[in-house]
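Right, one structure below, let's go through it.
Residues: numbered from 1 along the sequence shown.
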Amino acid sequence: MLGPQCCERPPVLNPLSWSGHVEKLGGLDVYVSGSPSRIFMVNTTSFFVFDLIESYEAPNLRYYNIASVFDIVLVAASGFYVVVPDYFYGDPYDPSHQDRPVPVWIKDHGPDKGFEDTKPVLEAIKNKGITAIGAAGMCWGGEFLYYKRWEEDIEAWQNPILRDERLPEWYKFTLFNELYFLVAGGTVWIGTHSASIRANGNSQLQQSDLGNSDGGVDSKDQQNNRDNCDSNGIESNGEASVTDKSNGLFVDTSHVDDDVGRFLYLEGVEYVMWNTYDVHFYASYALLMLFPKIELNIQRDFAKAVLSEDGRKVKFLAEGNLGIRKVRGAVPHDLGMHDPWNEMNAYNIHDTSKWKDLNPKFVLQVYRDFAATGDYQFGIDVWPAVRAAMEYMEQFDRDNDDLIENDGFPDQTYDTWTVHGVSAYCGCLWLAALQAAAAMALQIGDKFFAELCKNKFLNAKAALEAKLWNGTYFNYDSGASSNSKSIQTDQLAGQWYTASSGLPPIFEDSKIKSTLQKIFDFNVMKTKGGRMGAVNGMHPDGKVDETCMQSREIWTGVTYAAAATMILSGMEEQGFTTAEGIFTAGWSEEGFGYWFQTPEGWTMDGHYRSLIYMRPLAIWGMQWALSLPKAILDAPKINMMDRVHMSPRSRRFSHNSKVVTHKAKCFGDSSLSCTC
């Protein structure tokens with residue numbers, strides 16, 4: 001709201017400019033003009049956008065002669081009486097006073113104070129027998145003018161949570177305050193057709209038409225499902241979902257009257273990459289609950305990105321090898337840095353086209369959003385990308401058991417924590433993605449793909465349990481390293497999304513609760529008595545896994561995610577205790593002082609890494625768990641135990657190509673080339 005143009009002319013007293021006079025009303029000096037039969041109240045120096053923080057004696061107000069404007073236009077024509085209070089008590093902002101910049105000056109002249117100062121003025125006006133009062137304001141005055149309405153709207157939004165006696169006070173405090181990141185996280189929000197924020201025009205991205213994936217969608221089933229779909233958005237939020245029938249360059253919703261545009265936020269102020277997807281997986285609950293249309297457009301961006309390829313060579317720092325910037329079928333790590341949407345994957349430590357968590361996370365987020373909003377057209381738009389993302393992962397099933405394996409390097413969001421063979425984290429995500437893809441395929445009308453995913457799920461589940469389940473929890477991985485039996489806090493991330501999306505649990509309830517209790521007893525309670533959050537890795541002997549930096553860190557967002565999983569599993573007490581450790585260490589007076597700059601994580605001695613980070617928005621996953629929308633509770637159920645007998649060859653995604661009956665638009669006027 002405040003810019004240098006607001007303060008270009010310092011106030012200079014010039015009473016000769018006025019046609020009215022100054023008098024006292026309600027204890028304030030007030031400039032008045034006209035007959036007091038009806039009043040138009042002007043918030044001082046705020047009728048024009050330039051008049052932000054000067055008194056009624058300031059030259060901007062005098063220059064535009066606002067009193068005369070109202071005398072001529074309003075008073076003469078309509079009989080209004082103009083009132084211009086001096087809310088600044090003769091202390092307008094003076095840019096020449098360098099020891100009192102705007103942030104210091106505004107502390108004495110906040111709109112909240114102006115609102116209170118107005119009450120006696122209004123009483124004095126009413127004592128003159130005036131009953132109809134209007135007001136105008138911009139900048140400072142605009143904020144003041146709408147202060148009460150904003151306050152009421154905020155209270156209406158927050159009160160259902162603040163007045164919920166089931167919820168602990170620290171949770172309410174932290175839930176709302178973690179939202180600071182949505183505006184402080186380097187956020188960019190532009191219109192769909194706004195000028196690109198590109199640094200250059202040298203994009204070499206190529207994209208296939210969304211229709212060239214092996215969709216296999218039956219058009220009759222598709223129409224029947226569309227007819228039966230409720231598209232009213234998230235019921236608990238009351239905001240209708242966007243119906244986007246076209247697919248232009250990433251987000252093309254020009255036909256939608258209430259298109260919300262394009263949205264970017266940084267992974268963190270130290271990790272400068274836009275919409276980092278493996279982290280958005282945790283943070284996205286905040287957007288889905290509060291701004292669902294923005295969340296859907298982010299997923300549309302990544303759906304387009306899945307089918308894109310950028311063949312420019314990139315050197316990956318950890319391995320020192322060369323690869324291409326973006327591989328078709330792989331979900332990008334991020335939407336870029338210098339040239340977002342056009343030059344993706346600013347991250348270059350590892351080749352993320354070989355990561356095992358990004359593609360399953362895409363499928364899981366898409367299905368959750370699809371189920372929560374009931375936006376069938378969104379599902380149609382992104383379905384080819386969902387199929388492509390699933391098909392891409394088949395290359396990582398090395399032994400044909402339908403379960404993906406990791407490749408002996410940190411090939412997931414824990415990018416310093418090496419994984420060998422099957423891992424609990426990525427394996428669980430893969431099982432959940434198979435289930436979500438099957439459920440979505442049935443609703444979209446791709447029945448064969450649904451059965452294929454169900455068959456793979458049953459085989460993969462049996463393989464994962466045989467290789468990792470130890471009777472109490474799932475081992476970190478199936479390798480033979482010193483940390484292969486570590487207890488990973490995040491091992492049930494896939495189950496978190498499964499439960500959040502109204503899908504059946506991917507494991508038996510007893511195994512889920514046993515695993516979560518083990519995490520609580522070891523990773524949470526053996527970490528400073530539960531007063532710091534959950535450490536990422538803990539050996540079964542109760543010692544912290546010191547394998548690498550990330551195994552010994554306590555990640556704030558992962559702790560919130562584990563707490564949400566506990567709540568969804570009927571372990572509410574353990575869930576709140578787990579998350580309270582983040583409040584105690586990060587937000588409370590006895591903690592480390594990280595309020596409004598929550599870091600990615602900290603160590604047992606309180607040393608932080610990466611302040612002002614995206615992942616802690618995962619606390620809204622807890623609120624999602626506590627208040628599942630009706631659309632999720634009523635989501636169509638899928639029976640994953642109906643085994644379909646298929647030959648080994650027919651079980652392969654790549655051997656079941658079909659022509660998509662729904663084709664989306666090409667780029668049209670995009671600057672990128674299309675390969676359709």
Side-chain angles (χ1 to χ4, degrees), residues 182 185-198 203 205-210 213 241-254 256 259-267 273-281 283-284 287-288 291-310 325-347 352 358-359 361-370 373 375 377-386 388-389 614 664-668 670-672 674:
L182 285 181
T187 304
V188 174
W189 189 5
I190 62 176
T192 298
H193 301 288
S194 299
S196 173
I197 52 176
R198 297 170 59 177
S203 174
L205 194 66
Q206 290 187 330
Q207 177 161 346
S208 301
D209 186 342
L210 274 178
S213 179
S241 59
V242 175
T243 302
D244 182 9
K245 298 181 180 178
S246 64
N247 291 277
L249 173 55
F250 289 28
V251 182
D252 179 11
T253 53
S254 57
V256 180
D259 175 32
V260 296
R262 307 168 85 175
F263 185 86
L264 297 169
Y265 64 149
L266 294 174
E267 178 180 337
M273 293 165 282
W274 299 111
N275 292 7
T276 299
Y277 200 71
D278 56 308
V279 183
H280 180 70
F281 174 78
S284 60
L287 285 171
L288 180 59
F291 304 100
K293 297 174 188 175
I294 291 178
E295 167 63 13
L296 291 185
N297 276 359
I298 290 175
Q299 300 305 337
R300 286 188 176 96
D301 279 354
F302 278 91
K304 282 291 188 178
V306 167
L307 301 177
S308 301
E309 183 156 306
D310 186 339
R325 178 174 289 277
K326 170 66 180 68
V327 177
R328 187 187 185 280
V331 174
H333 173 273
D334 55 79
L335 290 182
M337 179 170 61
H338 301 297
D339 189 4
W341 294 294
N342 297 292
E343 186 180 275
M344 293 172 285
N345 282 334
Y347 179 94
T352 59
L358 288 168
N359 282 38
K361 286 176 176 177
F362 170 70
V363 176
L364 289 170
Q365 288 181 75
V366 163
Y367 180 75
R368 179 203 58 190
D369 297 352
F370 172 67
T373 62
D375 191 333
Q377 186 60 51
F378 166 75
I380 289 294
D381 289 346
V382 302
W383 177 244
V386 170
M614 181 196 294
K665 282 185 175 181
C666 300
F667 277 134
S670 166
S671 61
L672 309 184
C674 181

Quiz item: Do R262 and D301 sit within salt-bridge range, that is, some charged N less than 4.0 Å from a carboxylate O?
Solution: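 Not counted as a salt bridge, because no side-chain N and carboxylate O are separated by less than 4.0 Å.
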Looking only at heavy atoms, which two atoms of [X] and [Y] are closest? And how far apart?
X	Y	value
N359	G329	ND2-O, 3.0 Å
I298	L287	CD1-CD1, 3.7 Å
A346	G336	CB-C, 3.9 Å
F378	L296	CE1-O, 3.7 Å
T187	L182	OG1-O, 2.5 Å
A389	V363	CB-CG2, 4.3 Å

Exercise. Dump the intermediate steps for side-chain contact (heavy atoms from CB on, under 4.5 Å) on F263 and V188, then the final yes or no.
Key: CA-CA 6 Å; F263 185 86; V188 174; over 6 Å; no
Nearest 0.5 Å, what's the [atom1]-[atom2] distance between [X] and [Y]?
X	Y	atom1	atom2	result
E267	H280	CD	NE2	13.0 Å
H338	E343	NE2	CD	7.5 Å
H333	D278	NE2	CG	4.5 Å
S284	R368	OG	CZ	3.5 Å
E295	R300	CD	CZ	11.0 Å
L288	T373	CG	OG1	7.5 Å

Tell me if a side-chain donor or acceptor on [X] pairs with a main-chain N or O of [Y] at a distance below 3.5 Å.
X	Y	value
N345	R325	yes
W189	V260	yes
N297	G261	yes

Quiz item: Passes ring pair (Phe, Tyr, Trp, His ring centres under 6.0 Å), F362 versus F302? Steps please.
Solution: CA-CA 8 Å; F362 170 70; F302 278 91; 7.6 Å; no
Any non-hydrogen side-chain atom of [X] less than 4.5 Å from a side-chain atom of [Y]?
X	Y	result
Y367	V386	no
V382	F370	no
L266	M614	no
Y277	D334	no

